[in-house]
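Side-chain atoms are counted along with the backbone in the values below, which use heavy atoms only and exclude waters and symmetry mates.
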Amino acid sequence: MLIKLGIIAAIFVLGGMIFSTEITALFPNTSELLSDSLKNDINALNTKITNSAENRLDTSIDKTIQSVSDSVYEGITETGDKLVENVNEKISEGITETGDNIKNEITESSKSSKENITNELSSFDPFSFIKNIFKTN
């Protein structure tokens, strides 16, 4: 029975020693004036909690701002890429249309020129031309 009481007392002493370090970590300024030490300990604990909350808020705000910034950047990049693609497409269409128009105009001009030259050559009479040169008014 005495051994059992010794073991139980040893467990309590060991538990008190283990938890005393935890109590000292939470309330490091414990002294004879209990009200002053508790006030100091609570103020220190308040400061730790406030700093931790501020750090977490700062981190959370930074992550949120970075996320929004990334989303906006991606949106602007996608919009810019689409605009460039649309402009390139329109320019390509314009160049193709202009090239086709020029080709058609050249073809028409060539046909017209051939017809005019053919008509002029068919109506050209070299003898009357020479006669007209030597003819005096």
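Distance CD1/I49 to CD1/I42: 10.0 Å, rounded to 0.5 Å. How far CD1 of I7 is from CG of L14: 13.0 Å, rounded to the nearest 0.5 Å. Between the CD1 atom in I91 and the CG atom in N86 there is a gap of 11.0 Å [rounded to 0.5 Å]. One finds the OG atom of S112 at 11.0 Å from the CD atom of E105 (value rounded to the nearest 0.5 Å). Atom CD of E74 sits about 11.0 Å away from atom CD1 of I76, to the nearest 0.5 Å.
Between the side chain of S52 and the backbone N or O of K48 there is no donor-acceptor pair closer than 3.5 Å. Without hydrogens or angle criteria, S92 side chain to N88 main chain gives no donor-acceptor distance under 3.5 Å. Counting only distance, with no hydrogens or angles, the side chain of S110 and the backbone of I106 share no donor-acceptor pair below 3.5 Å. For the pair S60 (side chain) and R56 (backbone), a donor-acceptor distance under 3.5 Å is absent.
No more than 12 heavy atoms of other residues, nucleotides or ligands shown are found within 6.0 angstrom of CD on E85.
Inter-residue side-chain proximity for N51 and E54 is flagged as met; some heavy-atom pair is nearer than 4.5 Å.
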message: Is there a side-chain hydrogen bond (donor to acceptor under 3.5 Å, both in side chains) between Q66 and D62? Walk through the geometry before answering.
response: CA-CA 6 Å; Q66 185 63 38; D62 289 344; over 6 Å; no
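Put simply, I11 and I3 are part of the same group of oily side chains (I, L, V, M, F, W, Y) that touch within less than 4.5 Å, one to the next. Hydrophobic clustering, with ILVMFWY side chains joined whenever heavy atoms are under 4.5 angstrom apart, keeps I65 apart from L57.
A side chain to side chain contact (heavy atoms under 4.5 Å, CB included) with T98 is found for exactly one of I102, I95, N101, namely I102.
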